[in-house]
There are 2 protein chains.
Amino acid sequence: MFEVLFSHLLEKILLTEEEKEIIKIFFIPKKLRKRQYLLQAGDVCKYLCFVGKGLLRSYNVDDKGEEHMNMFAWEGWWTSDMYSFFTGEKAIINIDALEDTELLMITQQAFEEMTLKVPKMDRYFRILFQNSLFTKERRLISSNTHTAEEKYINLVESNPALVKRVPQNLIASYLGLAPETLSRIKKNIAQRK
Amino acid sequence: MFEVLFSHLLEKILLTEEEKEIIKIFFIPKKLRKRQYLLQAGDVCKYLCFVGKGLLRSYNVDDKGEEHMNMFAWEGWWTSDMYSFFTGEKAIINIDALEDTELLMITQQAFEEMTLKVPKMDRYFRILFQNSLFTKERRLISSNTHTAEEKYINLVESNPALVKRVPQNLIASYLGLAPETLSRIKKNIAQRK
DNA sequence: GTAGTGGCTTGACCTGGATCAATTGTATTT
DNA sequence: AAATACAATTGATCCAGGTCAAGCCACTAC
């Protein structure tokens, strides 16, 4: 489990064996079965989670009971309701497992302590957040600028693995589309070839 | 100028006088007149900029020549094309001044050096990026979940100062709406009262 | 096997918001 | 103060994508 974590940390920072040992202490391993919840809206999000294996989805539910996908996380990704995790407010998103999943979880206090004991972790997360930030920036631009079909094509090009691994109705929701619309888009694209 | 910067840094981290002096060295002050560009799409974004005074907008232009607002930055905010700044790729966004503006700018190399000399700055930017990340997360959720009117009402409630300070057509664009649509929404809201 | 459950497709219809065009403010410039 | 240019409103029309409904195709469970 920890090998996966460290291989990701080492892409961005250098760590001594000693530091690795310190870091290990703060994490709690956990396994989730397919369909099992990691977080339910209304609860406080207690953990920031690193996915070692498997696939999670996070989504929120609106007043009408509709689900809206907001991100996926698999091997090497972090997930949580960031807002809830860092502020202690109630979460507005749900996270559950699309596949059997293995996690490393860390609490807010442990996170604080870890960054103080190993300041390099501030650097790691600075780079990590900075990267997600510009990904989100681009995604937001794309969602305002492009048509439904363009968004789908962009996604297939920028992240083909995701499209293969995740059910189509969730991809549709992730793109802000009705499942019927995505189905029609795929048909159109196929026919044009 | 630097007082504004330090007052913002000190909200998140503690700095010695010595560290402050080091940090100062890396920044370049700059003034912009209203309508002047800070960054044009196609150029590489050389600077990460802290706004000490004034107001900037960042937006991108699509294939059809339409402008799409993506964020505003005023006193105490940072702005840049994050992706371009950190990767050295060409920028896809434009940034220009909506009001006369005073900035503190830092290059990529200077940024790297600064974080190595003052590791607390990694912490500062970790927290900063983490906060923007969950703001963007919420905004993305909102943009997929809500109707045009709900988005506008949310914005007015969450950021009334922005709505007062920025021309209405830019607010419309920021929300992904046609200016006519926002005008009608405001009319509807006013009539219902 | 077959019953059930949930994802995917297809068709018919509807609607929120975009687009186009004209009119009226309201700043800025000379 | 007139001229110019841009911002906001209003009306009329249009369309991308949503909604509703029906049928189909896996899979899993018994």
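Residue numbers start from 1 in every chain, and the chains themselves are labelled A, B, ... in the order their sequence lines are given, proteins ahead of strands.
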Using a cut-off of under 3.5 Å, enumerate the N/O to N/O pairs linking the protein to nucleotides 11-14 of chain C.
unit_1	atom_1	unit_2	atom_2	d
C:dG11	N7	A:R184	NH1	3.0

Subject >> Separation of D:dG17 P from B:N144 CG (nearest whole Å) >> reply: 14 Å

**OP:** Look at the side-chain N and O atoms of B:N169 and state whether any lies under 4.0 Å from the OP1 or OP2 oxygen of D:dC6.
**Re:** no

Original post:
Does atom NZ of B:K20 have more than 12 heavy-atom neighbours, drawn from other residues, nucleotides or ligands, at distances under 6.0 Å?
Top reply: yes

Original post:
Would you call B:R165 and B:E99 a salt bridge, using N to O less than 4.0 angstrom?
Top reply: yes

Subject >> Atom-pair distance (CD1 on B:I189; P on D:dT9), nearest Å >> reply: 12 Å

Original post:
At their closest point, which heavy atom of A:G176 faces which heavy atom of B:N144, and how far apart are they?
Top reply: CA-OD1, 4.0 Å

Subject >> Out of C:dG17, C:dC8, D:dG17, whichever nucleotide has its closest atom nearest the side chain of A:T147 >> reply: D:dG17

Subject >> Same cluster (ILVMFWY, side-chain, under 4.5 Å), A:I92 and A:V44 >> reply: no

**OP:** Assert yes or no for the condition that the ring centre distance of A:Y59 to A:Y174 is strictly below 6.0 Å.
**Re:** no

Original post:
Picking from A:F2, A:W77, A:F125, A:F50, what satisfies ring-ring contact (aromatic ring centres under 6.0 Å, His included) with A:H8?
Top reply: A:F50

**OP:** Nearest whole angstrom, please: distance from the C1' of D:dT9 to the CG of B:N188.
**Re:** 13 Å

Original post:
Of all heavy-atom pairs between A:F85 and A:K46, which one has the smallest distance, and what is that distance?
Top reply: CE1-O, 3.5 Å

Original post:
Does the distance from a Lys or Arg side-chain N to an Asp or Glu carboxylate O, for A:K120 and A:E19, drop under 4.0 Å?
Top reply: yes

Subject >> 5' priority, DNA chain C, between B:A178 and A:S183 [closest heavy atom] >> reply: A:S183

Original post:
Taking atom types as modelled and ignoring hydrogens, do the side chains of A:T145 and B:D62 form a donor-acceptor contact shorter than 3.5 angstrom?
Top reply: no

Original post:
Between the axis at one end of the helix from C:dG1-D:dC30 to C:dT30-D:dA1 and the axis at the other (five pairs apiece), what's the angle to 10 degrees?
Top reply: 50°

Subject >> Closest heavy-atom pair and its distance - B:F27, B:L5 >> reply: CE1-CD2, 4.0 Å

**OP:** Return the minimal non-hydrogen interatomic distance between B:S84 and B:K90, and the atom names on each side.
**Re:** OG-C, 3.9 Å

Original post:
If you look at every strand shown and take non-hydrogen atoms under 4.0 Å, does B:L182 touch a base, only sugar-phosphate, or nothing?
Top reply: nothing

Original post:
Once you round it to whole Å, what is the distance between C1' of D:dC20 and NZ of A:K64?
Top reply: 17 Å

**OP:** Between B:L170 and A:T181, just flag the one whose closest nucleotide in DNA chain D comes earlier from the 5' side.
**Re:** B:L170

Subject >> Residue mapping more 5' on DNA chain C - nearest nucleotide basis, A:P167 or B:E149 >> reply: A:P167

**OP:** Would you mind reading off the distance between B:Q168 atom CD and D:dA8 atom C1', rounded to a whole angstrom?
**Re:** 6 Å

**OP:** Classify the ring geometry between A:F129 and A:F86 as parallel (under 30°), tilted (30 to 60°) or perpendicular (over 60°).
**Re:** perpendicular

Original post:
Within this structure, what is the CG-to-C1' distance between B:L177 and D:dA8, rounded to whole angstrom?
Top reply: 15 Å

For nucleotides 22-30 of chain C, tabulate all protein N/O to nucleotide N/O atom pairs closer than 3.5 Å, reporting atom names and distance.
none

Original post:
Between B:K186 (NZ) and D:dA8 (P), how many Å, whole number?
Top reply: 8 Å

**OP:** Using atom CG of B:L175 as one end and atom P of C:dG16 as the other, report the distance to the nearest whole Å.
**Re:** 18 Å

